[in-house]
Structures are given as C-alpha cells and as structure tokens.
Amino acid sequence: MAILAGKVALVTGAGKGMGKSIAQLFAAEGASVVVAARKFDAAQAVADGLPGNALAVALDVSKADQWQAAVAAVEAKYGRLDVLVNNAGVSEAGSTETGSEESFRRQIEVNVMGPYYGYRACLPLMRKSGDNCSIVNIGSAFSVRVVPGFAAYGASKAATNAMMQTFALELAMAGDPIRINTIHPGGTETEMLEEAYAETGLPRDEAVAMFLKIHPNGKMGKPEQVAQAALFLASDMSSHTIGAQIPVDGGSTIRP
Ligand SMILES: NC(=O)c1ccc[n+]([C@@H]2O[C@H](COP(=O)([O-])OP(=O)(O)OC[C@H]3O[C@@H](n4cnc5c(N)ncnc54)[C@H](O)[C@@H]3O)[C@@H](O)[C@H]2O)c1
C-alpha cells in the first residue's frame, strides 16, 4: 500500500522548489495533496500534474486570514487534514549591521509568523482527523551552524525551531497525538540557492565553490532528498518521532 494512502497533506510554497518536490512525492505515495502557493495559478499548475485528488489554494503564509480561508477550503473538499508541511520560506543575504531592516522583518514575517499562523489555523481540523497527524517544518542548516550575512535568515529559522519544539512538547505532554518535527536542509539546488550564489557578488563558479566548502561530502543537495525525509516524518513510519531535527545537508552542520 502507498505510504500516505488516505491522508490529506497541505504543502506551503509548493509552486516550485522543495515544496513542489514534496507535493509530487506525497501524491505518488497516495496522499491527496493541497498545493498551496502565493499565486493560485502556480498552485493550480502543480496540482494539475499530480496523481490523485489534488487541490490548489492561494496562500501567502504571512497572512493569518489567508490561512483561515485555505483551511476552510480543505475542510470543504476533504473534511480532514492529516499533514501540514511548512515549507514556504525566504532567504535574503546581507543582514549585517548596515543591512536592510525591511528585509530582516520580511524574513521573520514569512519564516516565523507563517508557521505560527499555520499551526494555529490547522490544529483544529487536524484534531478532528484522527490519531496520526504530523506537522513537518522545513528549517535550515544555517540556523544550526551560522553563516556570515545570514543573520536574519538564521535567526528566523532558529526562532521557528524553538517555537515548534515548544508546540511539539506541549502536544505530547497533553496526550495530543499530533507530532511536530523539523528538517534542516543544507544548500539544495533550487532557485533559492541560485539567488544565494548571486547575492555573493562572485562569479557563479566561485560562489558554488564557496558553498560546497561547507558541505563535507562535497555535494549540494537535491529537493528530492528533502522530500524523502519529509515523507518519513509525514507518515506513520515516524509515529514515535517527536521534536526531531533531521539534517539533510551533506554533513554541513557537523563540519569542523
Ligand atoms: N535551497 C536551499 O539551499 C535551502 C536550504 C535550507 C533551507 N531551505 C528552505 O527550504 C524551503 C523551500 O525553499 P526552496 O529552496 O524550495 O526555495 P524556492 O525559493 O525555490 O521556494 C520557496 C517557495 O516559498 C514560497 N514563498 C515565499 N514567500 C512566501 C509566502 N509569503 N507565502 C507563501 N509562499 C511563499 C515561494 O513562492 C516559493 O514557492 C524554505 O523554507 C527555505 O528556507 C532552502
């Protein structure tokens, strides 16, 4: 039987990158996937390519009212929600002492407030959906091992780790079966990584070499590798895993 058969999974930021890979793998493993993206057309384009009974929703994760509307649409179509993947995120280099305050706030709004609103909006429907619900957060290796220029990004992901660990603990201690876990990707080949290369101001090959140095296995990651870890955490295979922080980073968080 498919690993996620019978489950409904909402993936944020699923119009491209890791979110799209996660949506594709979950659908291939039998989930009904709710493809959430800021632009409805982007969500619909991904949903149209998925097997199963997918739903596209417009969702800017930094807007609490849009979360309410998205969850209402999920309840109307499926009557349940088993998995939430907080994948949407922004990364902007340049947060130094003279960096842009607006950029700092934007990263907090999306990377911290997004999962916060999502948790509050999804919990009531997840509670009605049975004993095997799971929230999967896409964090970052940059919140575990900090990198110059990424203070805002690292801070936002570290704040979300602490918030989600707290929620995971509260749920477990209350006997609530909803589990929360986090994946920490290292550099992963998506548009976000291309933007990070460009933000260094170096020729692309030099920027790539610089990023490769923080990956002891000498490789950047692929979105599909993050999706595999998300599949484990979303599924009943991880039923006793709570508050885990799983690196998918080529060893970058344990580098000397
Ligand atoms: N690519 C990497 O090297 C890397 C490394 C570590 C962690 N991450 C994290 O992985 C996740 C996915 O990133 P990616 O690499 O696929 O990047 P990406 O830029 O390809 O995709 C990010 C997605 O988030 C969406 N998004 C941004 N702001 C949003 C908002 N306010 N509301 C809804 N959606 C929004 C974008 O539209 C896009 O679909 C992010 O949380 C990112 O921080 C990425």
Side-chain angles (χ1 to χ4, degrees), residues 10-25 34-47 56-67 69-70 84-93 103 105-118 121 135-147 150 152-161 164 182-200 207-208 210-212 214-215 219-227 229-230 245-250 252-253:
L10 188 159
V11 184
T12 67
K16 60 179 178 173
M18 282 181 212
K20 183 176 174 182
S21 284
I22 293 167
Q24 288 172 332
L25 183 60
V34 183
V35 179
R38 267 178 304 185
K39 293 193 179 122
F40 180 77
D41 289 354
Q44 190 66 64
V46 173
V57 294
L59 174 60
D60 178 334
V61 297
S62 67
K63 309 273 191 270
D65 57 335
Q66 292 191 19
W67 271 105
L84 166 64
V85 182
N86 285 313
N87 165 78
V90 284
S91 165
E92 297 175 21
S103 167
R105 286 187 191 283
R106 185 163 43 244
Q107 292 176 80
I108 299 294
E109 281 298 317
V110 177
N111 299 347
V112 184
M113 298 310 291
Y116 169 72
Y117 293 139
I135 298 175
V136 181
N137 300 296
I138 306 301
S140 171
F142 282 16
S143 72
V144 182
R145 289 292 302 273
V146 297
V147 174
F150 288 90
Y153 182 66
S156 71
K157 293 289 188 176
T160 300
N161 290 343
M164 287 299 177
T182 295
I183 297 167
H184 291 310
T188 308
E189 289 168 349
T190 66
E191 279 180 32
M192 184 177 282
L193 187 61
E194 286 300 326
E195 285 160 16
Y197 292 154
E199 282 169 338
T200 64
V208 172
M210 192 178 88
F211 274 76
L212 280 175
I214 60 175
H215 295 76
K219 294 176 190 164
M220 307 310 286
K222 310 264 184 224
E224 296 78 13
Q225 293 168 317
V226 176
Q245 302 199 44
I246 299 183
V248 180
D249 69 349
S252 75
T253 50

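In each ligand, atom 1 is the first atom listed, and ligand 1 is the first ligand listed.
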Inset, instruction - Examine the proximity of ligand 1 to Val61 and report which part, side chain or backbone, both or neither, has a heavy atom under 4.0 Å away. - result: both
Inset, instruction - Just let me know how Val90 lines up against ligand 1, side chain, backbone, both or neither, with a heavy-atom cut-off below 4.0 Å. - result: side chain
Inset, instruction - Considering only non-hydrogen protein atoms, determine which one is nearest to atom 34 (N) of ligand 1 and report residue, atom name and distance to 0.1 Å. - result: Ala88 CB, 3.4 Å
Legend entry - Protein heavy atom at shortest distance from atom 39 (O) of ligand 1: Gly13 O, 3.3 Å
Legend entry - For atom 19 (O) of ligand 1, the protein heavy atom that lies nearest, with its residue and separation: Met192 CB, 3.7 Å
Inset, instruction - Considering only non-hydrogen protein atoms, determine which one is nearest to atom 16 (O) of ligand 1 and report residue, atom name and distance to 0.1 Å. - result: Met18 N, 2.8 Å
Inset, instruction - Work out whether the distance between some heavy atom of Gly139 and some atom of ligand 1 is less than 4.0 Å. - result: yes
Inset, instruction - Under 4.0 Å, heavy atoms only, figure out whether ligand 1 is touched by the backbone of Asn111, its side chain, both or neither. - result: neither
Legend entry - Approximate separation, where rounding is to 0.5 Å, of Glu194 CD and Glu189 CD: 8.0 Å
Inset, instruction - State, without any angle test, whether Asn137 and Thr160 hold a side-chain donor-acceptor pair at a distance under 3.5 Å. - result: no
Inset, instruction - Answer whether the closest heavy-atom distance between the side chains of Val110 and Val61 falls below 4.5 Å. - result: yes
Inset, instruction - Determine, using heavy atoms of Lys157 and all atoms of ligand 1, whether some pair is separated by less than 4.0 Å. - result: yes
Legend entry - Nearest neighbour in protein (non-hydrogen) for atom 8 (N) of ligand 1: Tyr153 OH, 3.4 Å
Legend entry - Enclosure of Lys20 NZ (heavy-atom neighbours >12, cutoff 6.0 Å): no
Legend entry - Under 3.5 Å side-chain donor-acceptor pair for Ser103 and Glu92: yes
Legend entry - Any Pro185 side-chain heavy atom under 4.5 Å of Ile138 side chain: yes
Legend entry - atom 22 (C) of ligand 1: the protein heavy-atom neighbour that sits closest, reported with distance to 0.1 Å: Gly89 O, 3.8 Å
Inset, instruction - Dump the intermediate steps for side chain to side chain contact (heavy atoms under 4.5 Å, CB included) on Val85 and Leu10, then the final yes or no. - result: CA-CA 6 Å; Val85 182; Leu10 188 159; over 6 Å; no
Inset, instruction - Go through the structure and list residues passing ring-ring contact (aromatic ring centres under 6.0 Å, His included) with Tyr116, not counting sequence neighbours. - result: none
Inset, instruction - Mind checking whether Phe142 contacts ligand 1 via backbone (N, CA, C, O), side chain (CB onward), both or neither, at a 4.0 Å heavy-atom cut-off? - result: neither
Legend entry - For atom 38 (C) of ligand 1, the protein heavy atom that lies nearest, with its residue and separation: Lys16 CE, 3.5 Å
Legend entry - Side-chain donor or acceptor of Asn87 paired with backbone N/O of Gly13 under 3.5 Å: yes
Inset, instruction - May I ask whether Thr12 has any heavy atom positioned less than 4.0 angstrom from an atom of ligand 1? - result: no
Inset, instruction - Identify, with sequence neighbours excluded, every residue that meets ring-ring contact (aromatic ring centres under 6.0 Å, His included) alongside Tyr153. - result: none
Legend entry - Non-hydrogen atom of Ser91 closer than 4.0 Å to ligand 1: no
Legend entry - Nearest non-hydrogen protein atom, atom 29 (C) of ligand 1: Arg38 NE, 3.6 Å
Legend entry - Min heavy-atom dist Gly186 to ligand 1 below 4.0 Å: yes
